[in-house]
Amino acid sequence: MNLKNYLLIKFGGNFITKSFLLHSNFSTNRSMFHKITNLNHALNLFDEMSQRRPLPSVVLFNQLLTTVTKMKHFSTSLHLFNQMCSLGLPVSNYTMSIAIKCCCQLYRTKDGFALLGCCFRRAIAPNVYIFNALLDGLVLEDRILEAEMLFKKLIKQKLCEPDVVTYNTMIKGLCKFSNNVTALALLRLMEQKNCKPSIVTYGTIIDSLCKDKLMDDAFKLLNEMVYDKRILPDVITYTSLIRGLCNMGRWDEASKMLKEMEDENISPNVKTFTALVDAFCKEGKVKEAEAVINIMIERGEFPDIVTYNSLIDGYCLRGEMIKAREIFDSMTLRGLIPNVVTYNSLLNGYCKNLNIEKAMQMFREMAGKGLQPDVVTYNTMLQGLFQVGRCVDARKLFDEMHAQGQIPDQCTYGIVLEGLCNNRQVEDALSLFHLMGDSKLNSDIVVYNILIDGAGKYGRVNTARVLFQGLIDKGLQPNVRTYTVMISGFCQEGLLGEAKLLFLKMDESGCPPNDVTYCVLLQGYLKNQHYDDVVMLLQEMDDRGYTLDASTLSLLIDQIATGSLDWSMLKLFGKLVPKELLNDPSLCDWE
DNA sequence: ATAGGGTTAG
């Protein structure tokens, strides 16, 4: 079918007038491109345009390129760009900025810079739009240092005057790495340079502060925006703040914010509602989450895949797999296609319920639906397999992961090491660890914690000690867990002196012991009939406001009952026993 | 006449 008939059928005669088709220059308004709703329309139009002689102006091609790019068909855009070049069109700044944008959005910033080189060769002066696109690409690829370098270079070499978008992009990059301090410094810098911050500038930083749970700072910035700059918050700003409050369990304030935005005539959108759903689900409040979904539907906002995934994850975390499955089916009925995140939640749920067969079945089902398992999928399955002791299958899956081109991350590595340790394969865990050499994976305190714990548990306290020294030599900072597992290892071998020494070192090192550390040390003392320090430790716990866990408490009670410890110690217990344990019948039969 | 920036999931 030719273009003319196609357009006539699609849009009717009034839209495509004779003059439009006959006019050699396609002179028309831009609404023409707004009517293009799918890729095929655009491609047909491009073909039609490229066959006309003389060729339509590059502006028209640029408009078409923009349309395709806005549909996020970046590869197609680039393909069209190449064709434009082959046609000998005089590509402009505009064309170049779109092409560079496409490269960058495809995580091919390198090609974007290659196109910048083309600009110079073709004597097209790169402008702020082009540099902003490149900057955004670097940020997208987490190449924040290079982004900073480019930003500084723009200013120093006067390549272009940074505008509000340049600053916003740079601020986004900084916020991505929680560098709120520098982000705020940039905000001040732009004010100083007379570049007015926009709602995007403020919104970016406010969102980042909310993500870091710095709600006071977020509200401070909001006030500055509203009262100093006279910029009113929009639905995005409100959503960030509401999510921040919800994630901290500050529900009352969140609902106040919701009311405030309604008063300002700003309607919450899908993302706003989803923030509420997600926060409720993370707290296990799935009923409330479902209520939110009902409200949003009543108000004509429809839950999307993210909303459903949050709800499914909520049920999975509670182990309510039947309900999770129900939601999964109902979203499918609504025409939403489950994605890899959906599956990962379900896999996680089944694995946590130790229903590894069901998880395996769903895992295989993914491939049938054309879903490529990602690192999280493999991590979830590996953890599940190790948990039920299926180390051989875990190994097979790990190999499959490799074959599928999924690169294990720090999490994978931790799961494998922990899985091996828990299945009494500490040797294998250690050799894997040494095999990794001095990689980034081996400089993770979590990994050390796992191995020290594993070595300690299976009577290899020497190895644990070497690991502990090794991490310090590497310049890593032990955390409470590190100290605690090391102390636990010492206790297990009856090395109470060393345990105590390390315990005392914690406060000195600015890493005070927590309730777990105290319980571990107490258990070590009790099991080794070393009673000297017990009262002191209990007293310290009381001072620090810590409570005893069930197993330490029952050990203490046993020893009082057998007369190894003095009855007078009971006085201390009143404060040290958490309320929920006071009603525990298993602890009341010692009298 | 044509190009750019901030909010969602495991």
Side-chain angles (χ1 to χ4, degrees), chain A residues 25-33 57-67 69-70 77 91-102 104-105 127-137 139 162-173 175-176 183 197-208 210-211 233-244 246-247 268-279 281-282 303-314 316-317 338-349 373-377 379-380 411:
Chain A
N25 203 15
F26 277 82
S27 60
T28 178
N29 57 39
R30 61 203 172 113
S31 66
M32 148 190 162
F33 292 103
S57 97
V58 68
V59 172
L60 212 63
F61 280 94
N62 288 346
Q63 287 177 333
L64 188 53
L65 213 53
T66 303
T67 308
T69 305
K70 291 232 164 93
S77 279
V91 299
S92 66
N93 260 336
Y94 287 82
T95 330
M96 281 307 206
S97 78
I98 301 167
I100 291 175
K101 179 90 210 160
C102 291
C104 292
Q105 293 300 307
N127 60 11
V128 68
Y129 284 88
I130 288 177
F131 286 117
N132 286 348
L134 290 166
L135 198 65
D136 198 41
V139 168
D163 66 5
V164 59
V165 178
T166 322
Y167 281 101
N168 288 348
T169 307
M170 200 58 232
I171 287 174
K172 175 176 72 176
C175 289
K176 206 168 168 186
S198 66
I199 188 154
V200 177
T201 323
Y202 279 101
T204 309
I205 307 179
I206 288 175
D207 184 66
S208 178
C210 290
K211 282 194 175 120
D234 61 7
V235 61
I236 298 182
T237 328
Y238 275 114
T239 302
S240 294
L241 290 163
I242 290 170
R243 181 182 318 101
C246 290
N247 288 344
N269 63 20
V270 190
K271 291 180 183 182
T272 322
F273 284 118
T274 300
L276 295 168
V277 170
D278 194 53
C281 286
K282 291 223 161 64
D304 63 9
I305 179 128
V306 181
T307 325
Y308 278 110
N309 281 351
S310 288
L311 187 61
I312 289 175
D313 197 54
C316 289
L317 290 176
N339 61 15
V340 61
V341 179
T342 328
Y343 273 91
N344 287 346
S345 288
L346 288 163
L347 296 178
N348 186 42
D374 65 10
V375 184
V376 181
T377 319
N379 288 351
T380 308
C411 220

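In what follows, every heavy atom counts, from backbone to side chain, and hydrogens, waters and symmetry copies are set aside. Convention: sequence-line order gives letters A, B, ...; per-chain numbering from 1.
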* Quick one: label A:Thr237 by what it contacts on the DNA or RNA (base, sugar-phosphate, nothing), any heavy atom closer than 4.0 Å. => base
* **Between B:dA1 (C1') and A:Ile98 (CD1): distance, integer Å** => 13 Å
* Asked: Given B:dA9, B:dG4, B:dG6, which nucleotide is nearest the side-chain atoms of A:Lys282?
  -> B:dA9
* To do: Round to a whole Å and report the spacing from CG of A:Asp313 to P of B:dT8.
  => 16 Å
* Touch class at under 4.0 angstrom, heavy-atom based, for A:Asp163 against every strand present -> base
* In whole angstroms, how far is the C1' atom of B:dT7 from the OH atom of A:Tyr238? -> 15 Å
* Structure fact -> Testing B:dA1, B:dT7, B:dA9 for proximity to the side chain of A:Val341, the answer is B:dA9
* To do: Side chain of A:Val200 only, please: which of B:dG6, B:dA9, B:dA1 is the nearest?
  => B:dG6
* Structure fact -> Separation of B:dA9 atom C1' from A:Lys211 atom NZ, nearest Å, is 12 Å
* Is any side-chain N or O of A:Ser97 under 3.5 Å from a base N or O of B:dA3, one able to act as donor and the other as acceptor? -> yes
* How many angstroms lie between CG in A:Asp136 and CZ in A:Phe131, if you round to the nearest 0.5 Å? -> 15.0 Å
* Asked: Any idea which of B:dG6, B:dT2, B:dA3 is nearest the A:Gln63 side chain?
  -> B:dT2
* Just checking A:Thr204: base, sugar-phosphate only, or nothing, at a heavy-atom cut-off of under 4.0 Å? -> sugar-phosphate
* Structure fact -> Rounded to whole Å, the CD1-C1' distance (A:Ile242 to B:dG6) equals 16 Å
* Grab the CZ-P distance between A:Arg243 and B:dG6 for me, whole Å please. => 14 Å
* To do: Find the distance between CD1 (A:Ile199) and CD1 (A:Ile236) and round it off to the nearest 0.5 Å.
  => 8.0 Å
* Structure fact -> Here the distance between atom C1' of B:dG4 and atom CG of A:Leu65, to the nearest Å, is 14 Å
* Starting from C1' on B:dT2, measure out to NZ on A:Lys101 and report it in whole angstrom. => 16 Å
* Does any donor-acceptor pair link the side chain of A:Asn339 with the base of B:dA9 at a separation under 3.5 Å? -> yes
* **Side-chain-base donor-acceptor pair under 3.5 Å for A:Asn127 and B:dA3** => yes
* Okay, side chain of A:Asn127, backbone of A:Ile130: is any donor-acceptor separation there less than 3.5 Å? -> yes
* To do: Check every strand shown and say whether A:Val58 touches a base, only sugar-phosphate, or nothing at a heavy-atom separation below 4.0 Å.
  => nothing
* Determine if A:Tyr129 stacks with B:dA3; use a centre-to-centre distance below 5.5 Å and an interplanar angle below 30° as the criteria. => yes
* Between B:dT7, B:dT2, B:dA9, which one does the side chain of A:Val306 approach most closely? -> B:dA9
* To do: Would you indicate, yes or no, if B:dG6 has its OP1 or OP2 atom less than 4.0 angstrom from a side-chain nitrogen or oxygen of A:Lys172?
  => yes
* For the pair A:Lys271 (side chain) and A:Thr239 (backbone), establish whether a donor and an acceptor sit closer than 3.5 Å, ignoring hydrogens and angles. => no
* Determine the contact category for A:Ile205: base if any of its heavy atoms lies under 4.0 Å from a base atom, sugar-phosphate if only primed atoms, P, OP1 or OP2 are that close, otherwise nothing. => nothing
* Asked: Is A:Ser198 touching bases, backbone alone, or none of the nucleic acid, heavy atoms closer than 4.0 Å?
  -> base
* **Interatomic distance, A:Asn247 atom CG to A:Ile242 atom CD1 [nearest 0.5 angstrom]** => 12.0 Å
* Answer with base, sugar-phosphate or nothing: what part of the nucleic acid does A:Lys70 contact at a heavy-atom distance below 4.0 Å? => sugar-phosphate
* Looking at A:Leu65 and A:Ile98, what are the two nearest heavy atoms and their distance? -> CG-CG2, 4.0 Å
